[in-house]
Amino acid sequence: MKKKRRERNNILLPASNDLFIGLDVILWRKRHRVLSFISAVFSCLLFLLFAFSVLTPPPPATDHFLSRHFSAARKTQAVESIFDKVFKVPTSGGNLGRDLWSSSRSKFYYGCSNASKRFQSAYMKTQPNRYLMIATSGGLNQQRTGIIDAVVVAYILNATLVIPKLDQHSYWKDTSDFAEIFNVDLFISSLQRDVEIIKELPPNGGEAWVPRSMRVPRKCNSECYQTRVLPVLDKKHLVELTKFDYRLSNRLETDLQKLRCRVNYHALKFTDSILEMGRILVERMRMKAKHFIALHLRFEPDMLAFSGCYYGGGEEEREELGAIRKRWKSLHVSNPEKVRRHGRCPLTPEEIGLMLRALGFGSDVHIYVASGEVYGGEETLAPLKALFPNFHSKETIATKEELAPFSAFSARMAALDYTVCDESDVFATNNNGNMARILAGRRRYFGHKPTIRSNAKKLYKLFLDRHNMTWDEFASKVRTYQIGFKGEPKEVKPGRGEFHENPDSCICEAKDLKSSQDRNSGVEVSDEQEQQSLEEGPDWTDADYLDNDAVLKELTNVDSGVLTKRGEPEVEELFSD
């Protein structure tokens, strides 16, 4: 019995061993499959994490703005971000195979503003007992446009022009009168053939003159003045046009446009003291370098507040600029991203510096900065100074004693900046306000000196994505986007844009050209590029710096027959200088 049991056990043992071995194999295969599945899952997760880190866009460009409230660590990080491993900014502008300091096509064009034979002289057409007074508005360059247009309006009305009164009550609070900023005798003598101009009203038979105050709509043309103002002038003999800025049509007959140019480029000059100090500043810049850039930075707190833009400074920035923004009661609530996307935000100093470097200007270039108080102070300027260490302003190249006669007057200080910007080899502007427009037109008239205006609408997207590309890719795109924004001849078709910026009626082509092929060798912008160029000019620079109460108070003192509708309140040029 025992023997049979042992024999049965001997038969079962091999079978049991085979069974255990089979189970082990099955379990091993299952563990292998589980481990393979887990490994595959982890591999997918790692791949997704890597892809996310690569494809996720960097923080918006506005986050690179250095608010003065940021910590020192954030400041250092932001400055060093310029020199990151992928987007490494070279110190040299590179050899782009072209002259950065002049336009190759400028020799084919020159300023011409002489009157035609059909243009009647002042002594032939000026009517007795017709006197026109003008009250300008805004800052220096806004007032300049008013003065220029006042001469043309006096010609249209066959009237004698009394030297215009300057705005002494706007934001700038400058008490200077005409003769303290402009050479009044030169102004009168230079235009004596065109318009009769006097410093003061003549006696009125022993009675005091009582002017009829009026305000005409913006862009009022010749027929508008003859219909609205001339009948009143014939009746009252003295009319004062108030808030006189951009009150004359952009499009006029050629002889009137040329009169505008004679006033702007030949008759309206600063006083000798301003010109002399301006000459000293330019000479000191020339002593530092053969060529220099003048940059109209326009990054003051009030400008940023009015624009409604946001630059990454957090809640403190929003509260700070929001408090300033309340000054303009009629402003709508802004959408900062939309405003910037449409190219209506000033570039940051860092962005301006990157644009200039991409256009070919190296770190050895000297820059003269025309600017008021920069929002964020030195922290904001740090990236620009890192790119261009040779950084100057009138305060750094002149002593306090030299600037003392001008420093208490914002318009005279602006006149000094105007002079240096006008004489610079390259003028770069961060907005399309009055100073930018006036200087762009002047530089076209006197030889098409390079004038760089940032194509903010296109550059905005590029700055957002700049850390996802190499410097060469970035620089190439900047140069492409800036075609049509560098002050070249025929960038804008005749009759388009603001006349003070594009005085096409006063630009003539040279007759002794080698060939028409040479003349047209430059790149003219397409209709699409031109339309974009016109759209880039932010409309908000044409806004007024008045609050509603002041406007309504003034409405009661002017002729209501020549005002625009009360439901459409006018606004004048803002922060023009």
Side-chain angles (χ1 to χ4, degrees), residues 134-148 163-184 243-246 268-278 280-281 294-307 324 327-328 346 368-375 377 392-422 427 429-431 433-439 442 540-547 550 571-577:
I134 297 291
T136 62
S137 180
L140 174 68
N141 294 290
Q142 184 175 334
Q143 294 187 70
R144 189 182 185 99
T145 62
I147 295 167
I148 295 165
I163 287 293
K165 294 190 297 184
L166 302 188
D167 184 357
Q168 299 178 341
H169 304 290
S170 65
Y171 168 76
W172 292 269
K173 297 291 189 297
D174 191 315
T175 58
S176 304
D177 61 29
F178 188 101
E180 291 173 309
I181 297 177
F182 301 105
N183 187 327
V184 64
K243 296 296 173 188
F244 196 79
D245 61 321
Y246 297 92
L268 194 58
K269 296 184 180 295
F270 295 125
T271 60
D272 290 343
S273 60
I274 291 175
L275 290 178
E276 177 60 20
M277 190 66 233
I280 292 172
L281 295 175
L295 171 61
H296 191 212
L297 192 52
R298 215 64 187 96
F299 206 73
E300 293 90 347
D302 44 19
M303 171 62 79
L304 304 187
F306 188 87
S307 69
I324 301 174
R327 181 184 302 161
W328 303 280
Y368 176 93
V369 177
S371 176
E373 175 196 358
V374 172
Y375 183 69
H392 312 283
S393 67
K394 57 183 175 293
E395 287 81 9
T396 65
I397 60 175
T399 65
K400 288 184 178 181
E401 290 73 22
E402 289 174 317
L403 294 176
F406 315 95
S407 58
F409 306 95
S410 59
R412 299 182 210 183
M413 292 289 274
L416 296 179
D417 278 338
Y418 177 101
T419 302
V420 180
C421 290
D422 182 36
F427 173 56
T429 175
N430 195 18
N431 72 97
N434 295 299
M435 181 170 172
R437 292 174 181 173
I438 286 283
L439 278 170
R442 181 177 178 84
W540 43 258
T541 58
D542 288 336
D544 229 349
Y545 192 60
L546 293 173
D547 60 42
V571 286
E572 43 176 91
E573 293 284 324
L574 167 77
F575 309 127
S576 55
D577 307 298

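Contact check for F409 versus T175: side-chain heavy atoms found under the 4.5 Å cut-off. With contacts defined as side-chain heavy-atom distances shorter than 4.5 Å, the pair I163/V184 qualifies. At least one side-chain heavy atom of R327 sits less than 4.5 Å from a side-chain heavy atom of D302. Between T396 and H392 the shortest side-chain heavy-atom distance falls below 4.5 Å. Residues D174 and Q168 have side chains not in contact (no heavy-atom distance under 4.5 Å, counting atoms from C-beta outward).
A perpendicular orientation is assigned to the rings of F270 and Y418, their planes being inclined by more than 60° (bins at 30° and 60°).
Remark: side-chain polar atoms of Q143 are paired, donor with acceptor, to backbone N or O of G138 under 3.5 angstrom. A donor-acceptor pair under 3.5 Å is formed between the side chain of D177 and the backbone N or O of E180. Not one N or O on the side chain of E300 forms a donor-acceptor pair closer than 3.5 Å with the backbone of V374. Not one N or O on the side chain of R298 forms a donor-acceptor pair closer than 3.5 Å with the backbone of A370. Judged by distance alone, the side chain of D245 and the main-chain N or O of Q142 form no donor-acceptor pair under 3.5 Å. Using modelled atom types, no side-chain atom of D167 and backbone atom of S137 make a donor-acceptor pair closer than 3.5 Å.
Once rounded to the nearest 0.5 Å, the distance linking OG of S407 with CD of E395 reads 9.5 Å. With rounding to the nearest 0.5 Å, the separation of CD1 in I280 from CD in E402 is 6.0 Å. How far CZ of F178 is from CG of N183: 9.0 Å, rounded to the nearest 0.5 Å. For the atom pair F427 CZ and C421 SG, the distance stands at 4.5 Å (nearest 0.5 Å). Atom CG of L304 and atom OH of Y375 lie 8.0 Å apart (nearest 0.5 Å). Here I147 contributes atom CD1 and L166 contributes atom CG; the two are 5.5 Å apart, rounded to the nearest 0.5 Å.
For Y368 against K394, the heavy-atom pair with the smallest separation is OH-CB, 3.2 Å. Nearest heavy atoms, V420 versus G278: CG2-O, 4.4 Å. The minimum heavy-atom distance linking S393 with V369 is given by the pair CB-O, 3.7 Å. When all heavy atoms of D422 and R442 are compared, the closest pair comes out as OD2-NE, 2.8 Å.
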